[in-house]
Every structure is written in structure tokens, then in C-alpha cells.
> 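Below is a structure I'd like to ask you about.
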Amino acid sequence: MNKLIWKLLRSHISPAQLAGFFLANLFGMLIVLLSLQFYYDIIPLFTRGDSFMKQEYLIVTKQINTLGSLTGKNNTFSEEEIAELKQQDFTKSIGAFTPSLFNVSAGLNMQQTNIRLSTEMFFEAVPDEYVDVDLKDWNFTEGDRLIPIIIPRNYLNLYNFGFAQSRNLPKLSEGLMGLINMNIQLYGNGQAETFKGEIAGFSNRLNTILVPQSFMDWANKHFAPGQQAHPSRLIVEVKNPTDPAIAEYFSQHRYETEGEGLNAGKTTSFLRMTTAIIMGVGLVISALSFYILMLSIFLLLQKNSLKLQNLLLIGYSPANVTAPYCLLTIVLNLLVLILAICGVAWLRAYYMDFLQALFPQMEATTCWPSLLTGILIFALVSLLNVFAIRRKIDQIWKGQAGM
């Protein structure tokens, strides 16, 4: 019976309308899935610990002038100055660099490369939330003999492209740095202790040799009891790096920022704004395309309303009349889903190659977000299509019953 109904209705179906239905649905599905997948792929660059676009951080120091150097003026930040900076509208949070109050000596030994180095060094610590590497191994408890250490990535670059190259020494990768055996000697308060050091990561944000805050608090108390560690540097998370109040406040208080933090922050804000605009446009286009789909179904039913009335009058049930239209829309939506997922996979392979070349530390993600979302959209759109068709058929049936 359904075959006979389909033959009768097929002559009234416009191929142009079906093509418009199919292309609009495909275009909308592709935009939504591609936008979602791209966001899922790129979001680690914004939110991960070593992100280049996570929050906006500025490393703040006091200006050092000739007179202050000659008179031995202290360039540390007082609690009052930190509290005042924290109260500024542009500030989200502040972390202080805690300096070591003891002497540190490190010996490096890599048997595989015959490299042996010994040097005096220093340690600093910041609260864990400001550390831009994986914190999985970033911990210390009293009694441990292993100290996790984070060094700036540019230190490794200086060694590879400066020291090692000038002396024909082998260059070191970040993975090879894990082979380093580091002996750490700590001196202070008439005591000396030896620890093992392990490089836990490389920082792009913090230009210092970092140890966990828990270790620094214990070591300062143990090797320099009674002394107070006053920070000479602050790490400030700001709301908007383009805010002119930041530069004005720093100028008035003779504060300086390390590197190009403000300029980098402006670039970050611009990229975020551009990404948000593109995603917003995609969502608007997607919403309009879904609206066009529903309108196409309505127009198709409206065009065939006379034929539907005749079929209902001769005894066909609304379910029999509805079935071919429902089957048609579900098949079209399924084809759209398959083609959209294939399109996302193809485009994703292209842009992932580009992103991984640009950011080698970028980790691969999966296509599950777009796949699950596509299935959800397919189910939702199909249900809406079926509901719209059944509702229209019921209206026609009730109209005929009233006659």
C-alpha cells in the first residue's frame, strides 16, 4: 500500500526542492560540526598549562635606577603594594615569586653525552596555579629527597644554539633532558643537605628556575629560620591586557613588565575576538539553514495538500500517508550526516597538519565530539521533521473529518 502512495506522491515532489532541502541541511550540519570540532581541537592551546593563550599574565618588577643601586635601596614589593595592586580593576589575581634564602649548588652529569657541569644557582617558587606545565609530578613533601624543577625553555635554546654550538657539543632535546642526573646541594644556617633534582618541564611563561612552593616554604624555614622572603617579582593575571589603565598605573608606580607581555596580550585578545566572531557567524548561518529546512518541508506538504486530502478521503490512514514523507526526510538527513562527517574529517586532516606544524607540542584529539553531536542533531532534526509532517497531516485529516 505504501508503494502505491509513494508512486502517487512522487509525481508532486520537486527535485529542486529536495536539492535545496538536502544542500541547506548539509551546509548547516557541516558548519556546526566543523566549528565544534575545530573548537575542541584548538581549545587545549587556550586552556592547557603550557598554553600560549590561556590567561593574560604579566611579570612585574620595580624599576632599578642608578641612585637606588648606589644606596642599596630595596626593590622588593611590600604587602601594602601587593594589596594595592590586587585592588585595581584590571587585576584578576596576583602571585608572588618566593626567592630562596639559602645557597644552592647543582652538579649535572649525563653519562650518555659525557657532559658534566657544576654551577651555583638559585631557586624561586610561585603558587601552583601560575605554573604553565603539567602539574602531575609537581609536588614535594617533607622527607622527600627528589626535587622537581622547571626551567625556562629559552635556557635550553641558549644551550643548544649558543653554548653547545660554539663548543661542538651535542644538542639536547627536551626528552633527552630527562636523562640528566642532577645533584643539588643546599647550604644555610650551618647545615648542608644533598638532594636529587629532576626536570619536570619547561616553562614559556616564567623566566626563572622553579621549584614547588611546598618545597620552598620548607627549605626557607629549614635553612633560613626567622628570615622573611620578600618578593622582588610578581605575576599578575589581568582581565584585559589592552586596558590603558595598566600602562598608566605601572608608569605612575615605576613598575616594569618582563618581555612583551602587554603586546602579546593585545595579540591574544584580537585572536580570541576573531575566533568568537567566526564561530558566531557559523552558528547564525546554521540556525538559518535549519529554518530553511523546516520551511521546505512545510511548502512541500502545502503543495501536495490536495492530493493528501484525496488519499485521506478514500480511506488511507494518516500514518500511511505520512510514512513516505517521513522515510524521505530521514534518509536525506542520514545522507547529510554521513557526508558532513566525511567533510569534517577531510577538512580536519588539513588544518591539523597546519596546527601541529605551528605548535609541535599540540596533542592529537579525537573526532568523537563532532560525531556524537552530528548523531544528536540528526535525531533531533529527524524528529522535528516527522513531527511537522504528522502535525500537518493531522490538520488535513481533522479538516476532512469536520466536513
> Would you check if Val131 and Val133 make a side-chain contact, meaning some heavy-atom pair closer than 4.5 Å?
yes

> Under a 3.5 Å threshold, yes or no: a donor from one side chain and an acceptor from the other, between His253 and Glu81?
no

> Tell me whether Arg145 contacts the main-chain N or O of Thr194 through its side chain, where contact means a donor paired with an acceptor under 3.5 Å.
yes

> List the steps and the verdict of ring pair (Phe, Tyr, Trp, His ring centres under 6.0 Å) for Tyr187 and Phe223.
CA-CA 7 Å; Tyr187 305 92; Phe223 292 101; 8.6 Å; no

> Any side-chain heavy atom of Ile59 sitting closer than 4.5 Å to one from Leu234?
no

> Start with the C-alpha distance between Thr91 and Val236, add both sets of side-chain angles, then the distance that settles side chain to side chain contact (heavy atoms under 4.5 Å, CB included), and finish with yes or no.
CA-CA 7 Å; Thr91 302; Val236 181; 4.0 Å; yes

> Can His222 and Glu193 be counted as having a side-chain donor-acceptor contact under 3.5 angstrom?
yes

> Does Ser214 reach the main-chain N or O of Phe140 with its side chain, forming a donor-acceptor pair under 3.5 Å?
yes

> So, for Ala245 and Phe90, which heavy atoms are closest and what is the spacing to 0.1 Å?
O-CE2, 3.8 Å

> If you compare all heavy atoms of Asn220 against all heavy atoms of Ala229, which two are closest, and at what distance to 0.1 Å?
ND2-CB, 4.1 Å

> Walk me through whether Ile235 and Leu58 qualify under side chain to side chain contact (heavy atoms under 4.5 Å, CB included).
CA-CA 6 Å; Ile235 179 168; Leu58 301 176; over 6 Å; no

> Mind checking whether Tyr351 and Phe38 have parallel, tilted or perpendicular rings, split at 30° and 60°?
perpendicular

> Would you name the heavy atoms of Val104 and Glu120 that are closest together and state the gap between them?
O-OE1, 3.1 Å

> With rounding to the nearest 0.5 angstrom, report the CD to CD1 distance, Gln87 to Ile94.
9.5 Å

> Is the count of non-hydrogen atoms from other residues, nucleotides or ligands lying under 6.0 Å from Asp89 atom CG greater than 12?
no

> Taking the six-membered ring of Tyr255, is NZ or CZ of Lys62 closer than 6.0 Å to its centre and within 45° of its axis?
no

> So for atom CZ, which belongs to Phe122, do other residues, nucleotides or ligands contribute more than 12 heavy atoms lying within a distance under 6.0 Å?
yes

> So which atom in Phe77 and which in Ser232 form the shortest heavy-atom distance, rounded to 0.1 Å?
CE1-O, 3.4 Å

> Check whether any side-chain heavy atom of Gln252 lies under 4.5 Å from a side-chain heavy atom of Glu248, and answer yes or no.
yes

> Does the side chain of Pro148 reach to within under 4.5 Å of the side chain of Ile199, using non-hydrogen atoms?
no

> State, to 0.1 Å, how close Leu206 and Pro152 come at their nearest heavy-atom pair, and which atoms those are.
O-CG, 3.7 Å

> To the nearest 0.5 Å, what is the distance between CG (Leu339) and CG (Leu26)?
6.0 Å

> Just verifying a value: how many Å separate Lys221 NZ and Met216 CE, rounded to the nearest 0.5 Å?
15.5 Å

> Any side-chain heavy-atom pair from Ile209 and Met121 closer than 4.5 angstrom?
yes

> Any luck finding a side-chain donor-acceptor pair between Glu124 and Ser100 under 3.5 Å?
no

> Any idea which heavy atoms bring Trp138 and Pro212 closest together, and the distance?
CZ2-N, 3.3 Å

> Kindly determine whether Phe250 and Val60 satisfy side chain to side chain contact (heavy atoms under 4.5 Å, CB included), including the steps that lead there.
CA-CA 9 Å; Phe250 285 4; Val60 182; 3.7 Å; yes

> When rounded to the nearest 0.5 angstrom, what distance separates NE2 in His230 from CG in Leu101?
9.0 Å

> Look up atom CG in Leu383 and atom CD1 in Ile330, then write down how far apart they are to the nearest 0.5 Å.
8.0 Å

> Do Gln213 and Trp218 make a side-chain contact, defined as non-hydrogen atoms from C-beta onward lying under 4.5 Å apart?
no

> Any side-chain heavy atom of Ile149 within less than 4.5 Å of one from Met182?
yes

> Going by side chain to side chain contact (heavy atoms under 4.5 Å, CB included), Phe123 matches just one of Ile184, Thr208, Thr98. Which one?
Ile184

> Show the atom names and distances, to 0.1 Å, of all donor-acceptor pairs under 3.5 Å that link a side chain in residues 368-378 to residues at least two apart or in another chain.
| residue | atom | partner | partner atom | Å |
| --- | --- | --- | --- | --- |
| Ser370 | OG | Gln37 | OE1 | 2.8 |
| Ser370 | OG | Cys367 | O | 3.0 |
| Thr373 | OG1 | Pro369 | O | 2.6 |

> Could you measure the distance from the CG atom of Leu334 to the CG atom of Leu332? Nearest 0.5 Å is fine.
9.5 Å

> Honestly, is Arg233 close enough over Phe97, meaning NZ or CZ under 6.0 Å from the six-membered ring centre and within 45° of the axis?
yes

